[in-house]
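Below you'll find the structure, written out as structure tokens, and then a few comments.
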Amino acid sequence: MADNPYMNSGQTSNNPYSTNFEMASNPFSSSMEMVNSTGTIGNARPGASIISGSSDNSGTSEDSSATTQRMRNSISAKYCTKSVEETANDFGTDIHDGLSSQQEITYRRSIYGKNELTREEEEWMIIKFLSSFYSDPMIMLLIASALISFYMGNIDDGISITSAIVIVVTVGFVQEYRSEKSLEALNQLVPEMAHLTRNGATETVLASTLVPGDLIHFAVGDRIPADVRLTEAVHLTIDESNLTGETRPVTKFTAPITALNSPISKRNNIALMGTLVRDGHGTGIVIGTSRQTAFGSVFDMMSSIEKPKTPLQNAMDKLGKELSAFSFAVIGVIGLIGLAQGRSWLDVFQVSVSLAVAAIPEGLPIIVAVTLALGVLRMAKQKAIVKRLPSVETLGSVNVICSDKTGTLTQNHMTVSKLWTPDMITEHMDIIQYKDYSSQLTNPLQTLLLTGCFCNNAKYSVEKEKFEGNPTDIALIECLNSFGLSDVRSSRQRVNELPFNSSRKYMAISVDDGDRRNTVTFIKGAVEKILGMSKTYVAKNGEIRPLSDKSRKLIYDMADKLAEDGLRVLAMAKSSSGFDTTPSNSQFCGLVGMNDPPRPCVRESIASLMRGGVHVIMITGDSETTALNIANKIGMPVTDPDRCVLSGDRIDAMSEEALSEAIQYVSVFARTTPEHKLSIVRALQMRGDIVAMTGDGVNDAPALKLADIGIAMGQNGTDVAKEAADMVLTDDDFSTILNAIQEGKGIFSNIQNFLCFQLSTSVAALTLVALATIFNLPNPLNAMQILWINIIMDGPPAQSLGVEPVDPEVMQKPPRSRSDKILTLVVIKRVLQSAAFIIFGTMFVYIREMSDSITRRDTTMTFTCFVLFDMFNALSCRSQTKSTFELGMSNKMFNAAVGGSIIGQLCAIYVPFFQSIFQTEALSLKDWFVLILLASSVWIADEVRKYNAHKHSGNLTGYSTWV
Ligand SMILES: Nc1ncnc2c1ncn2[C@@H]1O[C@H](COP(=O)(O)OP(=O)(O)OP(=O)(O)O)[C@@H](O)[C@H]1O
Ligand SMILES: [Ca+2]
């Protein structure tokens with residue numbers, strides 16, 4: 001330990017990492033090699049509890065004890081016993097200003113790497129590729145048949161089959177590789193952030209940039225980005241359940257722990273990476289990043305637990321197995337008949353094996369995975385990040401969306417537009433932004449405005465040249481200007497604060513009264529809360545009067561009047577003393593009405609959702625009047641306000657059953673707290689609804705978890721909400737939900753489309769060979785040709801059907817029922833219709849050609865006929881309902897895949913090398929003409945089917961809406 005690897009300035013020998021370097025077997029030493037970065041800690045998030053997770057599923061008991069051991073040895077064990085000063089000293093950092101030397105930061109980064117967790121080095125590509133040759137029994141059989149061909153001196157066949165195997169395996173491998181890459185990309189969609197102080201300046205940075213010694217801050221709702229020794233903890237409680245399994249949040253302190261070898265759950269002055277702040281706020285020094293954290297030491301074990309498959313993938317696997325069993329049976333029978341007819345057993349074997357390879361849609365699960373993953377990436381571009389693949393399927397089934405009002409349906413940009421003080425009696429004052437009202441400033445107005453200023457947490461950001469924080473607070477500060485007032489907060493010392501939250505619905509701040517002997521309290525919040533703690537008001541003549549029932553009524557009426565334009569109404573009060581727990585005995589100052597306009601596209605989105613049978617519910621903390629007005633503005637159906645609007649206190653008074661009964665008429669929930677959301681989701685689910693619910697705060701998490709699709713806000717949401725959610729909206733915009741549902745539905749119909757394509761090809765190929773065998777005809781397709789058809793069917797053309805752009809018309813279809821099968825009657829009919837055309841067409845060509853004697857030309861014609869049929873079939877499979885002419889050339893991948901297949905087919909016929917492999921010969925232009933004409937019949941027939949379906953379904957908008 002001569003060299004201090006940690007401090008290149010090296011004044012101290014007391015190296016915090018020395019222990020790491022002394023132990024060769026230390027689990028963290030591997031971190032030094034960890035330079036590449038493919039995943040983030042996001043990979044390991046979904047697990048609820050590492051410890052319990054390991055003992056009840058994949059891990060053996062040995063695993064979990066090793067885990068516990070590793071966590072026990074983690075860096076926090078050492079620093080929980082040291083004081084704040086010692087820790088800061090060890091890390092060469094300052095507990096107020098953080099690290100100061102850029103050189104030092106760069107040095108530490110070079111040693112400890114990025115603060116993110118990556119999986120262990122993956123297998124070599126080439127090994128993976130080679131292993132796919134022997135992992136599939138069908139391929140093994142093909143190899144066997146090639147070997148037999150060689151052995152029997154059938155060199156041509158041997159080479160043919162060998163090249164076919166290579167092509168089949170390569171195509172499969174490339175597809176699988178792509179699927180893995182796109183799945184990996186999903187893990188990086190939600191970046192981790194951290195609030196970091198370096199050199200005295202605080203900013204928000206990517207959590208991956210943290211190095212040991214950094215000073216970081218976190219507040220309620222945040223996720224801890226590294227292992228941290230706390231230097232400050234204010235009401236700080238942290239939920240460590242995902243690491244320790246303990247569900248009760250732990251209260252944190254800064255004092256050193258005296259007990260030796262305290263277990264990880266008892267290290268109360270340490271905040272652990274990946275845990276969630278439930279309350280309060282704190283600051284601390286980073287003592288460990290990435291692999292040196294307790295979370296990092298168990299990361300590999302967590303990421304090795306295989307991700308569960310989505311219901312759709314499971315259904316596909318099952319379908320694949322059933323189809324395989326069926327094909328095997330058919331092929332077995334065909335083989336036996338063939339042998340009984342005295343065909344050469346090698347021929348029978350080869351054709352059977354190739355048929356098995358072709359008829360079994362082994363590419364199905366991969367195509368489903370790629371389609372889902374690509375769809376999720378597409379959604380991310382449209383600002384909706386889906387965190388779990390199964391949610392994509394659920395999206396198409398959602399029939400109720402519960403949305404917050406502020407910030408999701410509205411812009412969350414507030415401006416003060418009306419003011420009222422009791423001396424104005426029945427008049428109120430309208431404020432137009434940027435106009436000067438200084439001349440109209442009265443004493444009561446000044447008191448009202450200054451209350452709004454003192455009772456405020458908006459902060460001025462020099463960098464961005466504007467106020468930041470709660471939009472309600474910002475509006476109040478910005479309004480001061482219109483009256484020639486300025487932000488006076490710095491002139492007084494803050495003594496006490498009761499912060500705002502959506503359950504409390506008010507906030508109070510005490511400051512000294514100028515001469516530091518007396519304290520005054522400023523309060524603002526919902527009208528009923530403020531009136532509840534007010535005793536007096538200032539009348540027109542300046543006289544202080546007690547608040548009578550009559551004057552309360554006047555205030556409530558006025559608040560309603562202000563709210564009528566959809567304004568958020570805040571009441572203000574002031575008291576000439578401080579407060580302990582809640583303020584009381586205050587003087588009512590007046591009301592402020594704030595405008596928060598609806599987001600531009602919300603109206604359209606709601607209309608579109610309603611057309612598709614999705615019910616939209618607004619949930620807001622604002623008053624009924626405000627909510628009702630906004631609801632009307634954005635086109636929500638509130639015909640009967642008595643039934644359509646339900647307030648929080650009425651929810652409280654209802655039983656679950658009663659709520660579930662009443663909820664069918666409700667479109668607006670007003671004056672709710674986050675806790676009400678849970679009852680609302682439950683009541684809806686009791687009715688059998690599939691519910692999407694939005695949320696942003698810590699208290700929204702339970703409802704987000706319970707909802708079928710929990711949706712968190714990317715910009716204003718807390719980490720806790722994002723963690724609990726299935727989907728994150730990066731722009732917080734309601735309309736994005738519509739896009740996501742549209743994509744979800746689109747993905748589902750794309751999967752049905754390529755399934756239809758694969759099944760019709762497979763059914764046709766099987767039937768053709770079966771028919772030929774039964775009628776004792778020579779095989780219409782040889783092994784090589786069948787394998788080439790398999791590549792078209794399982795490869796790029798099928799995959800390209802999965803990325804067909806979403807047709808906005810899917811929104812007009814009602815939500816899919818959860819139990820709906822993917823293989824619906826309509827799909828099966830499509831499969832059978834197409835297969836029938838392919839079989840008859842190909843048989844026709846075959847029989848016509850072979851009427852003289854079997855030549856190479858005959859099989860070439862049959863083979864090309866089948867392939868062309870398949871291409872036309874792919875064309876019609878692009879959509880279940882829309883004509884090819886409506887779709888146009890919009891799917892680039894489809895154009896490329898089909899174009900490529902046709903070029904491939906041309907090569908197979910005209911290039912001498914391939915001619916010998918496929919046993920083909922050149923066709924004339926006339927042949928092509930005939931074949932194209934014939935093969936297009938499958939497409940024409942489908943166009944006719946689509947046309948008829950359109951005519952009979954009539955107006956698609958007529959689907960039932962709510963109730
Ligand atoms: N910063 C604040 N200070 C004091 N009171 C506030 C503040 N913000 C809102 N209020 C009061 O609390 C009420 C409800 O706010 P709440 O936060 O519950 O709603 P929200 O969650 O912002 O809105 P939504 O539920 O529509 O998204 C408002 O009508 C207002 O009277
Ligand atoms: Ca196949």
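All figures in this text were calculated on a predicted structure; none of them were measured in a lab. In listed order, ligands and their atoms are each counted from 1.
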One line per pair, note the atom names and distance for all nitrogen or oxygen contacts under 3.5 Å between ligand 1 and the protein.
unit_1, atom_1, unit_2, atom_2, d
ligand 1, 1 (N), Asn470, ND2, 3.0
ligand 1, 1 (N), Asp473, OD1, 3.2
ligand 1, 3 (N), Lys524, NZ, 3.2
ligand 1, 17 (O), Ser502, OG, 3.0
ligand 1, 18 (O), Ser502, OG, 3.4
ligand 1, 18 (O), Lys505, NZ, 2.8
ligand 1, 19 (O), Arg568, NH2, 3.3
ligand 1, 22 (O), Arg568, NH2, 3.0
ligand 1, 23 (O), Thr406, OG1, 2.9
ligand 1, 23 (O), Arg568, NH2, 3.4
ligand 1, 25 (O), Gly621, N, 3.0
ligand 1, 26 (O), Lys405, N, 3.2
ligand 1, 26 (O), Thr406, N, 2.9
ligand 1, 26 (O), Thr406, OG1, 3.0
ligand 1, 26 (O), Thr620, OG1, 2.7
ligand 1, 27 (O), Thr406, N, 3.1
ligand 1, 29 (O), Asp622, OD1, 2.3
ligand 1, 29 (O), Arg671, NH1, 3.3
ligand 1, 31 (O), Ala526, N, 3.4
ligand 1, 31 (O), Val569, O, 3.2

Name all residues meeting the side chain to side chain contact (heavy atoms under 4.5 Å, CB included) criterion together with Ala724; count only those two or more places apart in sequence or in a different chain, and write none if there are none. Ala701, Leu704, Lys705

Check Lys387 with Asp726, please: is the shortest side-chain N to carboxylate O separation under 4.0 Å? no

Between CG on residue Asp733 and OG on residue Ser605, distance to nearest 0.5 Å: 7.0 Å

Does the plane of the ring in Phe454 sit parallel, tilted or perpendicular to the ring in Phe522? Use 30° and 60° as the thresholds. parallel

Result of checking Asp622, Asp596, Asp696 against Lys405 for salt bridge (Lys or Arg N to Asp or Glu O under 4.0 Å): Asp622

Is it true that the side chains of Arg568 and Ser623 contain a donor and an acceptor less than 3.5 Å apart? no

